[in-house]
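Letters A, B, ... are given to chains in the order of the sequence lines, protein chains preceding strands, and every chain is numbered from 1.
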Amino acid sequence: MGTERCDTSLLLRHLDGELSTRERRRLEAHLEACPDCRQALDGLRLVSGLLREKLEQPAQAADFSGFEDRVLAAVASSARPPLGERLRVAWGEWQRAWRPVWVTAVVTAAVALLVLVPLLTRGPDVPSAPIGPPDGDRPQTALGDRVDNQVIIDELEYRGQRSMIFSVSKNNTTVIWMYDFDNQAGAKDQGDDL
Amino acid sequence: MIRSLAIAWVAWLLLAGAALPAQAEEQAAQISIRVIFAVKDGPVSIDPALKDIQAELKDLPYTKFRLLDKLESQVQSGASVELQFPGNRSISVGFEGLDATGEKNMLALKLAVRPQLHMQLRVANGGRTLLGGPAHLEGTLILDVSARLQPPAKPPEAPAPGVDQPVNRNQEGTGKEKTP
């Protein structure tokens, strides 16, 4: 480094420990051959030491004992914020803490409403208009309303001798007539023959 | 912790959501059974309580018709009602559910007139069928059975005066027995 130029920035970086090993060796070689740089480095060390000493003295003089207690006491003695402000803060904290729950609940409730409302509001599967004879010809049932009398017999097991299925009136009401209904029951009456 | 609560919440809502449609689809039918006494005796006379089916009754070879007993009850799908009638007989009507396979909805019923007749049939909503033949005194008994679909999940109503209580199919028949 004896042929190199003197560089003050290298000296500053050397003091701060920022030089690489290679740079530091070259600088040390240069310092052995350059009294100006050695003098400049000594001056920089002196200034740096004075600055460090001046900065550390106030920090050492500060008293941090009981710092936490004093902070807490100051917080406790401060005036309580108004109720609205406290509620707003509490609501915000609650929202943040329970965000996964209420977001899930709101979404689920929305989906459930979309699915369940049509199901719950759907009326019974009653035909809106009865099928059958014109209104004037439809019979009134014991239950009150006009009706369609269609009957489909899927299975019939009769233990008597004979039975007959027919319809009566213009309402096409199905009649199942059981002859000798009481034969096996041992009754005397045999029932009327139509 | 919060994640577990959220999962539990969602699971609960899903279970509740699955249960509600099942409840909503539960069906009930209003079953009406009337026991009619018919006899060939003099001029035509029909009990005013049978006015709604007088057209049907007039087509039968009898002249006098009297209502002996009746039962009206709301029956849930899978349940039945039973009514005893003169001669130590009984009729039971079970509601098997709604049959929506055809062009219109029909009520599937299981009907038994003990001890002789067992049948499965489907009737249009509000439709009826008449069953005749059992002898009684000098005449014949006719059973009028009608059924109408009811809105689901209604609590059972108190029976009107003169109307028999529905009988569970697992119980012995306790329907009232009335004679003219």
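- With a 4.5 angstrom heavy-atom cutoff, B:Ile142 touches chain A only via side-chain atoms.
- Within the model, atoms CG of A:Asp154 and CG of B:Leu121 stand 7.5 Å from one another, a figure rounded to the nearest 0.5 Å.
- Residues meeting the salt bridge (Lys or Arg N to Asp or Glu O under 4.0 Å) test with B:Asp59, sequence neighbours left out: none.
- Rounding to the nearest 0.5 angstrom, the gap separating the CD1 atom in A:Ile153 from the CE atom in B:Met119 is 4.0 Å.
- Counting heavy atoms of neighbouring residues, nucleotides and ligands inside a 6.0 Å radius, atom CZ of A:Arg70 exceeds 12 of them.
- In terms of heavy-atom pairs under 4.5 Å with chain A, the best-connected choice from B:Val123, B:Leu117, B:Val113, B:Asp99 is B:Leu117.
- For A:Glu85, the CD atom is densely surrounded, since the number of other residues' heavy atoms within 6.0 Å is greater than 12.
- Residues B:Thr129 and A:Thr174 share a closest heavy-atom pair of OG1-O, 3.1 Å.
- Under a hydrophobic clustering in which Ile, Leu, Val, Met, Phe, Trp and Tyr are joined whenever their side-chain heavy atoms come within less than 4.5 Å, directly or via other members, A:Trp91 and A:Val101 fall into the same cluster.
- Here A:Glu157 pairs with A:Arg159 under the salt bridge (Lys or Arg N to Asp or Glu O under 4.0 Å) rule; sequence neighbours left out.
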Worksheet entry | Verdict with reasoning, A:Phe181 to B:Leu141, per side chain to side chain contact (heavy atoms under 4.5 Å, CB included) | CA-CA 11 Å; A:Phe181 181 88; B:Leu141 295 177; over 6 Å; no
